[in-house]
> 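Please read through the structure below; I'll follow up with questions.
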Amino acid sequence: MNPAGRAVAVDFVEDEFEEIGYPETLPTYSPHMDESAAARRRLGKGRPDGAEEKVWFDDEDDFKAPSVRSFSGGRPAQLALPPPTTLREFLSQNMPSIPPLVYTLLACYTRFHRIGLSPTVVWDEAHFGKFASHYLKREFYFDVHPPLGKMLVGLAGLLSGYNGGFDFKSGVDYPPEVPYVAMRVMLATFGVGMVPLGWFTAIELGMTQWAAHLVALMVLFDVGWLCISRFILLDSMLLFFTFLAVFCLSKFHNQQAHPFDFDWWAWLAMTGISIGLVTSVKMVGLFVTALVGFYTLEDLWNKFGDLRLTTKEQAKHWGARILCLIILPILVFMATFKIHFMILNHSGPGDAQMSSLFQANLHGNDFHNNPLEIAIGSKVTIKNMAFGGGLLHSHVQTYPTGSNQQQVTCYHYKDENNEFWFWPAWDQKDTVWDPKYGSHDPSDEELRFLKHHDVVRLVHVPTTRNIHSHPIPAPITKANWEVSAYGNATIGDVQDNWVVEVLGDVVRGDVNRYLDPKSSTVDSRARIHALTTRLRFRHQVLGCYLSAARTSLPQWGFKQIEVTCAKEEEGSKPAEGSIWNVETHWNTRLPPAARSLSRSPFITDFIHLNIAMMTSNNALIPDPDKEDLLASKPWEWPFLSVGLRMCGWGDQQIKYYLMGNPIIWWGGSISLIVATFVALGLVVRRQRYGGGKGARKPAPNSLNGDSGKNGAALAARPGDGLTQREWAQFWHVTKIAGGGWVLHYLPFLIMGRVTYIHHYLPTLYFAVLMFAHLLDYFVFQVPSTPSANPHTVPTSGVSLSDLNSIPKMIRTFRALPRMTRIKLYVFSLTTSAIVGTFWWFRAVAWGMEGPIRNTWGLGWRETWNIYH
């Protein structure tokens, strides 16, 4: 009763009570413990700043654990437990480590089982095994991919005792001296490592253990990942380092609450190293690099809006990201090329891709046998000095358009079609003896050395046609004039004349200063040298310059580089593609000139090789005149519309078919579509109803919470069902999985190069994460309520050896909360589908023996060319 004597009704509204959350982890000691028992527990990593470290001690020997800096993740830290005294305690304390260990052992079985069944060179083993041979023989070669993966293939060959003598022709049986099984096993180890990385990444992303199990199972039992990991290929390394980059990024994300401590720096640096490694295997590693980049930009943008951070702290965050995520990956990437150049120091099949100065320093190169100074009548090869430039080239095929004359191109491999003579212009005295057409012998005449502003003809040795230009647009670059090969040693016109312009020498500098226009002889210091003198060839009539850009011709030009006569404004800077040097030089009237040349700078070689790689990769476009039975389109991948035969399909051959586990691929693709609508729905619901599990807010037409005639005092806002922490975790995983999938998939829709189904395998990982994430959100993260059944059967004492225990187990299961039973149903059904489908299709990865018609039941889709 109140002083006025009136009763007061108290309305207990549930939503008005303050919600008090339970702590993330409960202490491992209690006030009810005695002092000695409490002292046996110690507070581990994650204790509040300034908290006193509690240590356990033995009754007989006091022990204080050393205070060491851990290298761990940023998930909520578990309090340290005392050392186990029994095996049961040991297993109980290490239970979180048992699932990844079991999955790793299972991965060893699936990856290594029957790995040597096929004794033949399978699919791209023909390429990457050959590259291993080049490393072991230290011969320089060229490929469109960065060198790290191929160096690891070479290392596998070295460790297994391979001597580099096999040429890895596709479909050929391995000889006894080639340890192909050991090499496959070593590279399959990267495929094994994918499975525990999948588990730990799911844990670091905040998924439940239900979802983490599904991620590990999907990585373990996808037949596409399994199949590609079992051969001498780069893909197992590419996938492993992609998984590693996502794992390290997740680790770093969980350290954000403790900036600039040891773990924060360690995982930030590890993220940078991992994206450097994945990019050093294949350039598609740039896609996961872009994912890390977008995450970093968002993170820094959020920090920019945090007014609690000082300008100095903001600068430290930016500096740390620049150091670890830009500089460190670039250093890793460049280091792989440095090692690549150090190993391959002998002349090999890829020499022509590099600069002449680089080639001159390779062991076994014959440049030191060539004459040094160029003269009229010299036979030469001419190298374009632009980054990625090739050798001037011609062949008997003609242009299908324009003049229909013989094609002139740039080619990146050495053959006789790269050879040209320097002959005098048509209006000059012919001092060159032509064994095919001429009869003049110049042996009694003085040699005429080539110099600045000399007018010459470039004559193709195999066909004796003259390099020629005329005012006809080039076939691809229409703004420039066409360059062709025309006439022969006796037929030609003034359009064959080119003026030599000397820009300088990479060793001697400006050599034109030694020229005396009044002298009939050429000062030795002004002569043009092979390898080092930088030249341009200006057309005497048109005034344009012989030039090679990075434009590739269509299939009728064998996808070689287009050569044009490029127009330039007077006084403009010379275009890189118009600068040439003499590479190989033959002249029987000149002695070989031994020389000691300085090495080309590493950074120059690094840029040169990368541009050559990109140019060659861009030339890998589909040929409309040919049908590539192995190629596929990107839109055929997500729902597994196609597969790929990795070898011959004869009855006596071991057959492998690259495809995926349909349940995993279809489930992942569907989950990406569902996730789009779920994310959109949550955004709309949060905007409309607010966040959290429930809230109240004054209605728009009320004042200070009082009722008005136009509305209620309080408008209920049910919220989106997510706490702030759950909301942040949901969106983080959605952005990593969804953003990673988009960044890995969309580029293939844009690029023009030929594509195959194995290009989707890194993308698949993000679909797998999204699949598990949605099941986690809809099922596994839903809290279970206690069962209403009062007759709960205790689980203790239940044993499968006791037949009476089976009914007890059934009753125990029925007594579980309804949501827990749903989780078990969903998990069991999904796991059974994944494992069952894997077992059904296991032969496509482990090898199909005998006639394919004897292997039935694999044609789930008509587009799979397994049987036809």
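All residue numbers refer to positions in the sequence shown, counting from 1. Below, all heavy atoms of this structure are taken into account, side chains as well, without hydrogens, waters or symmetry copies. Everything numeric here is computed off the predicted structure, so don't read it as measured data.
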> In chain order, what residues pass the salt bridge (charged side-chain N to carboxylate O under 4.0 Å, His left out) check against Asp505, with sequence neighbours excluded?
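Listed in chain order: Arg508.
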> Using the disulfide bond (SG atoms under 2.5 Å apart) rule, collect all pairs that involve residues 459-556, keeping only residues at least two apart or in two chains.
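Of all non-adjacent pairs touching residues 459-556, those that pass disulfide bond (SG atoms under 2.5 Å apart) are Cys544-Cys565.
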> Taking side-chain hydrogen bond (donor to acceptor under 3.5 Å, both in side chains) as the definition, give me every residue that meets it alongside Asn365, ordered by chain and number, with sequence neighbours left out.
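Checked Asn365 against side-chain hydrogen bond (donor to acceptor under 3.5 Å, both in side chains); zero matches.
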> Sequence neighbours left out, what passes salt bridge (charged side-chain N to carboxylate O under 4.0 Å, His left out) with Asp124? Give chain and number order.
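With neighbours one apart ignored, the set is empty.
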> For a quick check under 3.5 Å, do Asn417 and His395 share a side-chain donor-acceptor pair by atom type?
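Per modelled atom types, Asn417 and His395 side chains form no pair under 3.5 Å.
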> Examine the side chains of Thr463 and His460 and answer whether a donor and an acceptor come within less than 3.5 Å of each other.
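Side chains of Thr463 and His460: pair found under 3.5 Å.
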> Check whether the side chains of Ser547 and Ser578 place a donor and an acceptor atom closer than 3.5 Å, and report yes or no.
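Their side chains do not contain a donor-acceptor pair, so the 3.5 Å distance test is not met.
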> Could you verify whether a donor N or O on one side chain and an acceptor N or O on the other, from His134 and Glu139, lie under 3.5 Å apart?
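Present: a donor and an acceptor within the cut-off.
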> Under the criterion ring-ring contact (aromatic ring centres under 6.0 Å, His included), I'd like the reasoning laid out for Phe358 against Phe140: C-alpha separation, chi angles, the key distance, then a yes or no.
CA-CA 11 Å; Phe358 176 88; Phe140 192 85; 5.2 Å; yes
> Does any non-hydrogen side-chain atom of Asn361 lie less than 4.5 Å from one of Arg599?
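Answer yes - side chains close enough.
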> Carefully, step by step, assess His393 and Leu391 under the rule side-chain contact (heavy atoms from CB on, under 4.5 Å).
CA-CA 6 Å; His393 177 93; Leu391 291 162; 5.7 Å; no
> Quick check for you: to the nearest 0.5 Å, what is the distance between Leu152 atom CG and Thr336 atom OG1?
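Result: 10.0 Å between the selected atoms.
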> Tell me which pairs pass salt bridge (Lys or Arg N to Asp or Glu O under 4.0 Å) where either residue lies in residues 521-532, with sequence neighbours left out.
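For residues 521-532, and leaving out neighbouring residues, the salt bridge (Lys or Arg N to Asp or Glu O under 4.0 Å) pairs sorted by first residue read Glu373-Arg527, Asp523-Arg525.
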> Taking the side chain as everything from C-beta on, heavy atoms only, tell me whether Phe449 gets closer than 4.5 Å to Ile374.
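In short, these two side chains do not touch, never coming nearer than 4.5 Å.
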> Do any pairs count as a salt bridge (Lys or Arg N to Asp or Glu O under 4.0 Å) and have a residue in residues 385-413, sequence neighbours left out, and if so which ones?
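Of all non-adjacent pairs touching residues 385-413, none passes salt bridge (Lys or Arg N to Asp or Glu O under 4.0 Å).
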> Could you tell me if Asn581 and Ser356 have a donor-acceptor pair between their side chains, going purely by distance under 3.5 Å?
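Present: a donor and an acceptor within the cut-off.
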> Side chains of Asn617 and Arg753: is there a donor and an acceptor less than 3.5 Å apart?
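Asn617 vs Arg753: donor-acceptor pair found between side chains.
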> Can you find a heavy atom in the side chain of His145 that is under 4.5 Å from one in the side chain of Phe128?
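Heavy-atom side-chain distance check passes, below 4.5 Å.
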> Looking at residues at least two apart in the chain, or sitting in another chain, which of them share a side-chain hydrogen bond (donor to acceptor under 3.5 Å, both in side chains) with Thr477?
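Counting only residues at least two positions away or on another chain, Thr477 forms a side-chain hydrogen bond (donor to acceptor under 3.5 Å, both in side chains) with Glu562.
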> Please determine whether a side-chain nitrogen of the Lys or Arg among Asp235 and Lys282 lies less than 4.0 Å from a carboxylate oxygen of the Asp or Glu.
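Counted as a salt bridge, because a side-chain N and a carboxylate O are separated by less than 4.0 Å.
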> Are Arg536 and Ile579 close enough that some pair of their side-chain heavy atoms sits under 4.5 Å apart?
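Yes, their side chains come closer than 4.5 Å.
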> Can Tyr141 and Gln353 be counted as having a side-chain donor-acceptor contact under 3.5 angstrom?
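No donor-acceptor contact under 3.5 Å links the two side chains.
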> For the residue pair Thr398 / Asn404, report whether a side-chain donor-acceptor contact shorter than 3.5 Å exists.
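Side chains of Asn404 and Thr398: no pair found under 3.5 Å.
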> Give me the one residue out of Phe131, Tyr174, Trp123 that meets ring-ring contact (aromatic ring centres under 6.0 Å, His included) with Phe168.
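Going through the options one by one, the only one that passes is Tyr174.
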> Within a reach of under 6.0 Å around NZ of Lys169, are more than 12 heavy atoms found that belong to other residues, nucleotides or ligands?
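Open: at most 12 neighbouring heavy atoms sit under 6.0 Å from NZ of Lys169.
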> A side-chain contact here means heavy atoms from C-beta on lying under 4.5 Å apart; do Ser484 and His470 qualify?
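In contact.
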> Can you tell if the side chain of Phe606 reaches within under 4.5 Å of the side chain of Phe333, non-hydrogen atoms only?
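In contact.
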> What residues form a salt bridge (charged side-chain N to carboxylate O under 4.0 Å, His left out) with Glu125, not counting sequence neighbours?
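Residues passing salt bridge (charged side-chain N to carboxylate O under 4.0 Å, His left out) with Glu125: Arg184.
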> Applying side chain to side chain contact (heavy atoms under 4.5 Å, CB included), can you list everything that pairs with Val499, at least two apart in sequence or on another chain?
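Val499 satisfies side chain to side chain contact (heavy atoms under 4.5 Å, CB included) with His453, Val455, Arg538, Gln540 only.
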> Determine which pairs satisfy salt bridge (Lys or Arg N to Asp or Glu O under 4.0 Å) with at least one residue from residues 412-424, sequence neighbours left out, and list them in order.
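Every salt bridge (Lys or Arg N to Asp or Glu O under 4.0 Å) pair that includes a residue of residues 412-424, provided the two are not neighbours, is Lys379-Glu419.
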> Between Gln397 and Gln406, is there a side-chain donor-acceptor contact under 3.5 Å, judged purely by atom types and distance?
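Side chains of Gln406 and Gln397: no pair found under 3.5 Å.
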> Going through the checks in order, is the ring-ring contact (aromatic ring centres under 6.0 Å, His included) test met by Phe558 and Tyr411?
CA-CA 10 Å; Phe558 307 101; Tyr411 188 50; 9.0 Å; no
> Check Leu458, Asn418, Thr584, Leu546 against Ile382 for a side chain to side chain contact (heavy atoms under 4.5 Å, CB included) and give me the one that passes.
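Exactly one candidate clears the test, Leu458.
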> Which residues satisfy the salt bridge (charged side-chain N to carboxylate O under 4.0 Å, His left out) test with Asp496, sequence neighbours excluded?
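Result, salt bridge (charged side-chain N to carboxylate O under 4.0 Å, His left out) vs Asp496: none returned.
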> Using distance alone, with no hydrogens and no angle criterion, decide if Tyr514 and Ser524 have a side-chain donor and acceptor under 3.5 Å apart.
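Note: Tyr514 and Ser524 side chains miss the donor-acceptor criterion.
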> Can you list every ring-ring contact (aromatic ring centres under 6.0 Å, His included) pair that touches residues 486-506, not counting sequence neighbours?
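Output for this query lists His468-Tyr486, Trp498-His539.
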